[in-house]
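The block underneath contains the structure these notes are about, expressed in structure tokens.
Computation of the quantities below employed the complete heavy-atom set of this structure, encompassing side-chain atoms and omitting hydrogens, waters and symmetry-equivalent molecules. Just so you know, these numbers come straight off a predicted model, no measurement behind them.
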Amino acid sequence: EVQLQASGGGLVQPGGSLRLSCAVSGFTSKDFDIGWFRQASGKEPWGISCINFSDGRTFYDGSVKGRFTISRDNTMNTIYLQMNNLKPADTARYFCGATKRAAEYGPSCYPPVYGIRGQGTQVTVSS
């Protein structure tokens, strides 16, 4: 059974940084895409950054490009999201999601495709 376990959320002031982690287990190969999604109160989930776990190709939503960095540790089977220069608009529940197989042309970060999901971690950006 594939499991995703996210951690690292919290309360941070505007301009601050946080690093989220997502521990991955249960995949029989590294041929999958995985990434971070966020869901603000009353809104649909939104893909913000995804990565091909095998070759490292990435996707970033325009709202976080230049501020957030996704990475993976194949040895530890973990992905990370380094979030810098956080803004109040980044406040949301963040969760990691994965596909069953990697997309041929790179990760799309389209939420319906990422059906394997872990529990979320709350990120609150406030002064």
Mind listing the closest non-hydrogen atom pair of [X] and [Y] along with its distance?
X: A6; Y: T121; answer: CB-CG2, 4.4 Å
X: S21; Y: W36; answer: O-CH2, 3.4 Å
X: L81; Y: S49; answer: CD1-CB, 4.1 Å
X: V12; Y: L18; answer: CG1-CD1, 4.1 Å
X: S63; Y: D61; answer: OG-OD2, 2.5 Å
X: I48; Y: Y94; answer: CD1-CE2, 3.4 Å

[X] side chain near [Y] side chain, heavy-atom distance below 4.5 Å:
X: F59; Y: I70; answer: no
X: T91; Y: V123; answer: no
X: T69; Y: Y80; answer: no
X: S25; Y: Q5; answer: no
X: L11; Y: S126; answer: yes

For residues 70-87, pull every pair meeting salt bridge (charged side-chain N to carboxylate O under 4.0 Å, His left out), keeping only residues two or more places apart or in separate chains. none
With sequence neighbours excluded, give me every salt bridge (charged side-chain N to carboxylate O under 4.0 Å, His left out) pair touching residues 29-39. D31-R101, R38-D90
same_hphob_cluster(L4, I51) at 4.5 Å side-chain heavy-atom cutoff: yes
Determine whether M83 and L20 satisfy the following criterion, side chain to side chain contact (heavy atoms under 4.5 Å, CB included), listing intermediate values before the conclusion. CA-CA 8 Å; M83 304 187 294; L20 305 183; 3.7 Å; yes
Can you pull the disulfide (SG to SG under 2.5 Å) pairs that have at least one residue in residues 51-102, sequence neighbours excluded? C22-C96
Please list all pairs meeting disulfide (SG to SG under 2.5 Å) that have one or both residues in residues 27-93, counting only residues at least two apart or in different chains. C50-C109
Is there a side chain to side chain contact (heavy atoms under 4.5 Å, CB included) between N84 and F68? Walk through the geometry before answering. CA-CA 6 Å; N84 297 329; F68 293 8; 6.0 Å; no
Please state whether the rings of F32 and F53 are parallel, tilted or perpendicular, taking 30° and 60° as the class boundaries. parallel
Could you go through V24 and I34, starting from their C-alpha distance and side-chain angles, then the distance that decides it, and tell me whether this counts as side chain to side chain contact (heavy atoms under 4.5 Å, CB included)? CA-CA 9 Å; V24 182; I34 186 168; 3.5 Å; yes
Could you check whether Q39 and R93, counting side-chain N and O atoms only, form a donor-acceptor pair closer than 3.5 Å? yes
Between CD of Q82 and OG of S17, what distance do you get to the nearest 0.5 Å? 5.5 Å
Return the set of residues passing side chain to side chain donor-acceptor pair (under 3.5 Å) with Q119 (not counting sequence neighbours), or none when no residue passes. none
Given a cutoff of under 4.5 Å between side-chain heavy atoms of I, L, V, M, F, W and Y, with clusters grown through shared members, what are the other residues clustered with F95? F37, Y110, V113, Y114
Does any N or O in the side chain of R67 come within less than 3.5 Å of the main-chain N or O of N85, such that one atom is a donor and the other an acceptor? yes
